[in-house]
Amino acid sequence: MSNTSRLQAISQITTREPMKVTMTDRLGKIWADDVFNLARMEWALSKNAFKAVKKTVQTGEPLDAATADVVAAAMKEWAVSKGCKFFSHIFYPMTNVTAEKHDGFIITTSDGNAITEFTGSLLIKGEPDGSSFPNGSIRMTNAARGYTAWDPTSPAYVMETDNGATLMIPCVFMSWTGEALDKKIPLLRSNDAMNKAAQKVLSLMGETEIAPLNSSCGAEQEYFLVDAAFANTRPDLLLAGRTLFGAPSAKGQEFDDHYFGAIPARVQVFMQDFEDKLYRLGIPAKTHHNEVAPGQFEIAPYFEAANVAADHQQLMMTLLKSTAKKHGFVCLLHEKPFAGINGSGKHVNWSVGNATQGNLLDPGSTPHENLNFLLFCGAVIRGVHKYGPLLRAVIASAGNDHRLGANEAPPAILSVYLGDQLEKVFQDIKDGKVTTHEHGGEMDLGLDQILKFERDPGDRNRTSPFAFTGNRFEFRAVGSAQSVSGPLVAMNTMLADSLNWIAGKLESELNGGADKAAAVVTVLKELMSEHGNAVFGGDGYSTDWHEMAVKERGLKNIPTTADALPALREESVKKLFADTGVLSPVELESRFEVYAEQYVLSIEVEAKLVIDMAKTSIYPAAMSYLSGLAKTGKRMAKLKIDLDNSTAETVAAEVNAMMSAVDKLCEALEKEDFASTEEHMQFCANDIRGLMDEVRAHADTLEAEVSDELWPLPKYQEMLFIK
Ligand code: ADP
Ligand code: MG
């Protein structure tokens with residue numbers, strides 16, 4: 001039988017026991033136990049050294065060499081006491097992965113002894129070989145090298161694996177010429193740009209004490225768990241992270257019985273193990289539950305400063321995978337592992353605020369706070385409208401293309417959902433219906449409606465890609481496998497640009513003698529008449545909206561990554577990043593090239609897998625079945641028994657059609673002469689993907705025809721329902 005490995009997997013799974021639940025230590029004991037945080041530094045360092053490092057942590061200013069040595073020594077002492085022999089600079093190249101380079105603390109002395117050493121310069125600077133990471137068009141002049149540098153705003157920690165403990169130092173990664181080669185540098189710069197612009201607006205609004213502003217991020221991560229025994233017999237799951245074949249399961253998600261249902265015991269044990277690891281690393285895991293699809297789950301940590309949250313998010317993705325493996329699962333972070341079943345996203349909750357004015361996307365409880373809120377909220381509306389294609393570009397990936405616009409995830413049209421009340425306020429401002437009147441010495445916009453704003457309206461619009469949710473925006477179109485940095489950089493930068501624009505307008509209104517409230521209304525009125533088209537409260541899935549958005553609102557529907565990435569080459573986007581100092585034109589162009597290359601490569605890898613699996617697994621299974629049918633047919637004919645041949649005919653026709661599509665796909669993959677990267681991406685999006693779908697359609701029909709005992713690949717219903 002050709003389905004032996006599938007049957008073995010099934011039998012292995014039926015007898016699997018959940019891993020033992022161990023009683024874990026209480027939260028207070030394990031919380032951040034593996035993190036070299038400020039509290040630990042205060043304990044380990046002299047008063048002066050701590051003061052210096054604290055300033056660096058809070059402001060990102062460089063550390064002087066002497067203090068760096070002291071901090072490094074204390075860090076090493078602590079790490080060695082936790083069993084570390086190695087340290088690693090950890091950084092985030094332009095791909096969505098995390099990169100590490102491990103070095104020993106060891107040095108040998110002249111008398112042959114080994115001691116441990118870690119100096120300030122080793123802490124602050126490392127030199128991984130930059131040439132092995134994609135850098136787009138950035139050709140480093142003297143050497144193809146890059147270097148990593150400690151980002152003190154993200155704490156070092158100890159990572160324990162089965163291979164031992166390592167001190168991990170979060171770093172930026174740049175070329176010798178100073179260009180960003182990673183996802184962290186632009187995030188730090190975008191925070192800076194947003195802070196500067198926000199300071200201008202707030203001081204125009206009469207604030208005298210303004211603490212540095214930072215952006216925050218709380219990312220909800222969706223993922224699938226599949227039993228490792230099944231995943232290991234599916235090369236598509238192992239290599240592409242999604243099924244490239246598979247007929248729909250008889251039972252899918254139509255009963256809606258999985259969402260918020262009881263979590264299977266094995267998964268619960270996995271989650272507890274995973275969350276304990278997160279707590280040790282100071283990652284505030286807050287909620288977990290089943291998601292819509294069978295086998296799909298979600299984890300959401302409490303929000304943190306965007307830079308730290310982004311590092312933690314990367315760490316969570318790494319730990320999800322490694323912990324799943326330990327529990328006999330494979331964790332799929334792909335946006336669409338199973339066709340016809342809901343995919344996975346990563347909702348990025350984002351806000352900006354500081355210690356003096358608080359969360360600026362919170363309406364607040366006084367008219368004055370309301371005014372600040374309206375300006376910041378207006379700035380977001382303008383940003384989404386003006387830079388919609390950029391927001392689409394930063395969430396573009398081969399995986400996310402399967403999800404966006406597929407009636408389960410937000411459409412590929414960028415609009416903002418504000419909720420009924422807030423939408424009405426902005427509409428009234430636009431229509432000139434908002435009048436200002438004196439109120440307790442301060443101008444009031446008649447915004448009683450906002451003061452009573454419901455924090456968490458129950459009828460949250462789940463069809464919008466970008467939704468206001470009471471005190472933050474939720475970017476819901478981000479893909480589950482993506483780094484949150486790209487979206488955060490885009491949001492911070494567009495906000496900086498809008499706040500700069502607002503500051504200019506506000507200043508001239510105020511200089512012209514307008515009072516604050518009147519100036520705010522005038523500026524927002526202009527903003528809404530130019531950018532109000534991005535505000536949409538209706539059903540984002542409906543075809544009416546798709547038509548109206550494009551025809552009446554002038555918004556763009558950008559279905560694929562091939563259509564989306566060229567936005568990074570648009571003049572307005574180049575100018576945005578250059579003016580705010582977040583990315584130079586060279587850095588931006590290198591990002592376009594890296595992302596485009598990743599897109600093309602991932603589709604080509606999938607296409608090769610499609611060819612391979614069709615030829616070596618599916619074709620032989622169908623042919624065995626066919627040969628059995630043919631033999632039986634012949635025997636029946638000899639016995640003069642009338643047998644209907646239509647199944648054999650169907651199978652033969654499908655096999656022929658599948659193999660002819662495979663041939664066409666092979667031929668398409670040979671093509672090399674592309675005039676531009678854009679053309680190459682379009683070829684992948686249309687021709688290659690089209691042919692892959694064609695092969696799959698025939699293969700999936702065969703799966704429904706061919707005898708179960710010959711079918712080599714675990715089926716959807718087997719993989720999706722975890723036992
Ligand atoms: P839901 O599934 O209803 O969207 P969750 O509670 O699962 O809500 O997730 C909400 C996420 O938003 C959490 O990570 C939460 O910490 C985060 N969040 C709350 N307030 C803010 C804020 N001001 N800035 C950023 N994220 C926030
Ligand atoms: Mg959410």
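Counting begins at 1 with the first residue of the sequence.
Remark: the Asn511 side chain and the Ser508 side chain contain no N/O donor-acceptor pair separated by less than 3.5 Å. In summary, the side chains of Glu335 and His402 do not present any donor paired with an acceptor at a separation below 3.5 Å, with no hydrogens or angles considered. Between the side chains of Thr98 and Gln314, at least one donor-acceptor pair of N or O atoms lies under 3.5 Å. Between the side chains of Gln296 and Ser344, at least one donor N or O lies within less than 3.5 Å of an accepting N or O. Judged by distance alone, the side chains of Asp401 and Thr561 do bring a donor and an acceptor atom under 3.5 Å apart. Checking Asp431 against Gln427 by side-chain atom types alone, a donor-acceptor pair falls below 3.5 Å. Side-chain N/O atoms of Asn307 and Asp151 include a donor and acceptor closer than 3.5 Å. Side-chain atoms of Asn342 and Glu222 include no donor-acceptor pair closer than 3.5 Å.
Ring pair Phe91/Phe173 is tilted by interplanar angle, where 30° to 60° counts as tilted. Ring-plane geometry between Phe297 and Tyr223 is classed as tilted, the angle between the planes lying from 30 to 60 degrees on a 0 to 90 degree scale.
The six-membered or imidazole ring of Phe577 lies away from that of Phe592, with a centre-to-centre distance of 6.0 Å or more.
Taking the charged nitrogens against the carboxylate oxygens, Asp428 and Lys424 do have a contact shorter than 4.0 Å, which makes a salt bridge. Ion pairing between a basic and an acidic side chain is recognised when a charged N comes within 4.0 Å of a carboxylate O; Asp311 and Lys184 show such pairing.
For the pair Arg392/Lys556, no side-chain contact is recorded, criterion being any heavy-atom separation below 4.5 Å from C-beta on.
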Run the side chain to side chain contact (heavy atoms under 4.5 Å, CB included) check on Leu390 and Thr493 step by step: do they pass?
CA-CA 11 Å; Leu390 168 65; Thr493 309; 6.0 Å; no
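Arg553 places a side-chain N or O within 3.5 Å of a backbone atom of Val535 that can act as its donor or acceptor partner.
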